[in-house]
Amino acid sequence: MADDSSSPKATEIKLSDDPFANGDALVLKPKKKKAKEKSLQYGKAKTHKKMKTSKKESMDFEDSGDRRLQLDVKEELKEDPDFVVHGKGKKRKRKTDHTDGPSSTSEAPLLKKKKKVVKDEGQMNLATEKKKKKEAKDKVKKEEGDRPVSVKKKSKEEIEAARALKLKKKEEEEKQRWRWWEEEKYEHGIKWKFLEHKGPYFPPEYQPLPDDVKFYYNGKAVKLNPPAEEGALFFAQMLDHEYTTKEVFRNNFFRDWRKEMTLEEKQLITDLNKCDFGELLVMHKQRVEARKNMSKEEKQVIKEANQKIVEEYGFCVLDHHRERIGNFKIEPPALFRGRGDHPKQGMLKKRIQPEDVIINCSKDSHIPEPPAGHRWKEVRHDNTVTWLASWTENVQGSCKYVMLNANSKLKGEKDWEKYEVARRLKSCVDAIRAQYLEDLKSKQMGTRQRAVALYFIDKLALRAGNEKEEGETADTVGCCSLRVEHITLHDTLDGQKFVVEFDFLGKDCIRYYNKVPVIKRVFKDLKLFVEKKQGGDDFFDRLNTQLLNKHLSSLMAGLTAKVFRTYNASITLQQQLQKLTNKTDNMAEKLLSYNRANRAVAILCNHQRAPPKTFDQSMANLQAKIDSRKEQLALAKKELKQAKKDGKGSSDNKLLTLVEKKKKAVQRCEEQLLRMEVQATDREENKQIALSTSKLNYLDPRISVAWCKNIEVPLDKIYNKTLRDKFAWAIDMTENDFVF
DNA sequence: CGGCGCACTTAGGAGCTGCAGG
DNA sequence: CCTGCAGCTCCTAAGTGCGCCG
């Protein structure tokens, strides 16, 4: 397993045989897959029937699907004193090792000229790009025109009209789209020249409870003043959630809630356990129910009202173009829901007033009006930042921003740049790997630790792991903040040598569990690092993310720890797609292959999700459908046989057409069955894996676009509307021969 | 030169909705 | 025509990394 070179993670063995090692040599062609590729971790790419899933696909470092169990264990973990080790009473801050900064100069040649490179690559050949995209677009249009109209029984004309309208709208939209990627970039640091907007949208004021809904304390009805009452309602609404059973949540809530009470109320209400929110909860449920049961017309009215709000507040004008704002609504007050064991869960997140909000826009724009009777905290005109409004949130004291939608120029350009940086890493990753392998032997402890950390980041796609203030957030770690207790070293394990077992909570308290064979030198270093340390001690005591990133930026301009995640994710997708897909596959198989390639990335990046609540049920339903279809197929086959028999020797046309008909029926049945089986496989494999995060944030869209073009899969089979909007730049500029 | 705050990306879950399939 | 649920949108928390300041 360990030496499976097809693994996206098996970097140390790949240093020399990386198929992409010499840059552009390799072109992603729609041809057959190479016959002699080593079998990849996902097992059979081809056997669509009976893909028995899960076990086979485990990645090389992963111990037979262990990661799959993680979510189930999450709860237990919280109670397990051996796992959750709390810090030791102070901020986790480290002394830095001064003796071996990233001063080494030998890497210098790696960096070449920066900035320029990105720019040139980005802007290159505007003319040809333009031409090509034009052709591509024409082609699309033609194909759409040729497609036969779906033949439903209903009024064909209506359908036709609707279709035409849709197409027209699409064209319209396309015409309106700002093709910013064809324009010159602004000078460094300038984000816009003109910005105008209406300011954020504030949530509605609190509406006091009707008189017949009462809160009780100690059995007696108490009418609370509105702010306290609002707090009570927040808590009541969450009563069915397990949050409200947690001690920390309850204590935090109660403390903050009391701050909203009048002196009298405060004196009376001293014990949360004596509070009865029952009627509030009932009312809440009734309201939810009522909303659900609204008539179509009522719903339509609400929908239209919302659209009006979006129309008014949801857009801004940025450099002559109307752009969608991502989050124009101020976050309404609520109880803070931190993830995992968050020390601040249950605290009251206060209502934001215009007086808390800073507005950012052009001086010469129409300055947004604050709501009547209010003022803004400040109006500034800073075109070196991308936000339109900001405020400070009271629970964590952090800043919140109103920013543009992902399909905007500002976001898109940054995204494009991100992938270009990752592509530049591709061209020098071999040298960087060689360097850190060398550094594993350094005399400087700091350098060694840096090398090992890089090895993990590169091979396992770990996050950088910034320091966190203790007591402010849940106890989670990344690479640099790993502690001794998160790692177990096995000289041998299950027949493999030098196995490192990781078990820690990462971002969003998602558990990372993995058993990884490492090279001997790394293993030796790891042993060295843990000497004389306790479980709660930092694993890399001479390293932090600043040091690491400083070193990385000396190797390549713009290189930081997170670039490795982007790079390894994208390169993995590209490699897997090439291995898994066949042009001769049918559509369902192609899509399964795409999902599997996507899945390889999601597993690498540890993107998990809670299994859908209805997973087992819906799986069983699907299986039932498959079974009944199988019966149908058997029946159809029998009928075909019969028809053939009857028709043999006869020249009766009726009989012959009957045979043909039956043949078709069998075929159709088979196709449907296959499609369902593929779907079942896909769904099963995806039980606890979230594909969306990597699709949205890590996979260079040009890889997917080129794949679609090459293998003749319509793009909307893999990208929904949002994704197509976000990646419009890539869809527009990518040719079949794109190589990441 | 390290600590901190700001700006921006990445993340999973809740809740809604539209449509496939009965 | 109804309904269940997959897939989407929305929401906001939780990361990364940079640059400023003392």
Side-chain angles (χ1 to χ4, degrees), chain A residues 71 91 93-96 98 101 189 191 241 288 291-292 299 302-303 306 310 326-332 334 336-340 342 344-345 349 358 360 382 384-387 390 392-393 395-401 403-406 410-411 414-415 418 463-469 472-474 476-481 505-510 544-550 552-553 558-563 565-566 569 602 605-610 612-615 617-619 621-622 625 628 672 676 679 682-683 686 688 690-698 720-723:
Chain A
L71 291 189
K91 263 206 235 173
K93 288 268 150 90
R94 269 167 237 116
K95 293 284 105 174
T96 332
H98 298 278
K191 305 292 167 61
H241 202 289
V288 170
R291 211 177 316 140
K292 223 167 52 192
K299 280 182 181 167
I302 289 177
K303 202 173 163 188
N306 282 333
V310 172
N327 58 327
F328 59 91
K329 288 179 176 165
I330 297 273
E331 293 174 16
F336 178 77
R337 303 158 83 128
R339 316 248 165 93
H342 197 114
K344 298 196 170 186
Q345 64 191 93
K349 192 171 77 171
I358 303 174
N360 190 34
D382 182 354
T384 66
V385 294
T386 65
W387 52 267
S390 74
T392 303
E393 161 268 0
V395 175
Q396 317 231 53
S398 64
C399 233
K400 300 272 191 169
Y401 302 91
M403 290 183 185
L404 296 189
N405 189 273
L410 249 25
K411 295 286 186 189
K414 201 78 189 296
D415 209 36
K418 173 181 77 186
R463 295 187 186 82
N466 279 315
E467 287 156 10
K468 302 169 69 183
E469 205 136 318
E472 298 292 303
T473 62
T476 61
V477 298
C479 184
C480 292
S481 49
L505 296 183
K507 183 177 178 178
D508 290 323
C509 288
I510 297 295
N544 60 35
T545 54
Q546 296 93 287
L547 241 31
L548 181 68
N549 281 335
K550 210 171 149 198
L552 289 174
S553 72
L559 186 60
T560 60
K562 86 187 187 94
V563 178
R565 253 168 101 80
T566 311
C605 293
N606 200 36
H607 291 145
Q608 300 189 19
R609 62 167 186 170
K613 287 194 179 67
T614 53
F615 185 85
Q617 185 55 55
S618 75
M619 213 59 203
N621 290 350
L622 185 59
K625 263 181 1 193
S628 85
Q672 281 172 338
M676 284 195 289
Q679 191 189 4
D682 201 29
R683 209 191 284 176
N686 233 26
Q688 290 182 271
L691 300 186
S692 55
T693 306
S694 48
K695 218 181 209 178
L696 200 62
N697 298 301
Y698 287 104
N720 64 30
K721 177 89 172 77
T722 312
L723 251 12

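Lettering of chains follows the sequences in order, A, B, ..., and the numbering in each one begins at 1.
- Atom CG in A:Leu723 sits about 9 Å away from atom P in C:dT9, given to the nearest Å.
- Rounding to the nearest 0.5 angstrom, the gap separating the NE2 atom in A:His342 from the OG1 atom in A:Thr476 is 10.0 Å.
- Of all the heavy atoms in A:Lys191 and A:Thr384, the pair that sits closest is NZ-O, 3.2 Å.
- Between A:Gln396 and A:Glu472, the shortest heavy-atom contact is OE1-O, 3.5 Å.
- When all heavy atoms of A:Leu552 and A:Thr560 are compared, the closest pair comes out as CD1-C, 3.6 Å.
- Between A:Leu505 atom CG and B:dG12 atom C1' the separation is 15 Å, expressed in whole Å.
- Proximity of A:Arg565 to the phosphate of B:dA11: a side-chain N or O atom is located under 4.0 Å from OP1 or OP2.
- Using a 4.5 Å heavy-atom cutoff, the side chains of A:Leu404 and A:Thr386 are not in contact.
- In the set B:dG13, C:dC8, B:dA7, B:dA7 carries the atom at the smallest distance from any side-chain atom of A:Trp387.
- The minimum heavy-atom distance between A:Cys509 and A:Arg339, with the atom names listed, is SG-O, 3.8 Å.
- One atom, CG of A:Leu404, and another, P of B:dA7, lie 15 Å apart when rounded to the nearest Å.
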Write out a two-atom table: protein N or O, nucleotide N or O from nucleotides 3-5 of chain C, distance below 3.5 Å.
{"unit_1": "C:dC5", "atom_1": "OP1", "unit_2": "A:Asn621", "atom_2": "ND2", "d": "3.4"}

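- The CD1 atom of A:Ile510 sits 13.5 Å away from atom SG of A:Cys605, with the distance rounded to the nearest 0.5 Å.
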Checklist outcome for this item: Readout for nucleotides 16-22 of chain B: B = base within 4.0 Å of protein heavy atom, S = sugar-phosphate only, - = neither; 5' to 3' it is S-S--SS

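- Annotation: the span from A:Lys349 atom NZ to A:Glu331 atom CD amounts to 4.0 Å, rounded to 0.5 Å.
- A:Arg291 approaches A:Lys299 most closely through the heavy-atom pair O-CE, 3.9 Å.
- Between A:Ala602 and A:Leu691, the shortest heavy-atom contact is CB-CD2, 4.1 Å.
- Rounded to whole angstrom, the span from the CG atom of A:Leu691 across to the P atom of C:dC8 amounts to 12 Å.
- Where A:Leu696 and A:Asp382 meet DNA chain B, the nucleotide closest to each residue was compared, and A:Asp382 sits on the side nearer the 5' end.
- Whole-Å rounding puts the A:Tyr401 OH to B:dA7 P distance at 4 Å.
- Within 4.0 Å of A:Ser398, counting heavy atoms only, lies no atom of the nucleic acid at all.
- In this pair, A:Tyr401 and A:Trp387 present their aromatic rings tilted. The plane angle is within the 30 to 60° band.
- Contact of the A:Asp415 side chain with the A:Lys418 side chain is registered, since non-hydrogen atoms from C-beta on lie closer than 4.5 Å.
- For the pair A:Lys695 NZ and B:dT10 C1', the computed distance is 17 Å after rounding to whole Å.
- Checking the phosphate oxygens (OP1, OP2) of B:dT10, a side-chain nitrogen or oxygen of A:Lys418 falls inside 4.0 Å.
- Between A:Glu469 atom CD and B:dG3 atom C1' the separation is 10 Å, expressed in whole Å.
- Using a 4.0 Å cut-off, no side-chain N or O of A:Ser692 falls inside it from OP1 or OP2 of C:dC8.
- Each of A:Ser390 and A:Ala690 lies near DNA chain B, and the nucleotide nearest A:Ser390 is the one positioned closer to the 5' end.
- Here A:Lys191 lies in heavy-atom contact (under 4.0 Å) with sugar-phosphate atoms only.
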Checklist outcome for this item: With B for base contact, S for sugar-phosphate-only contact and - for none (protein heavy atoms under 4.0 Å), nucleotides 12-22 of chain C reads BSBSBBS----

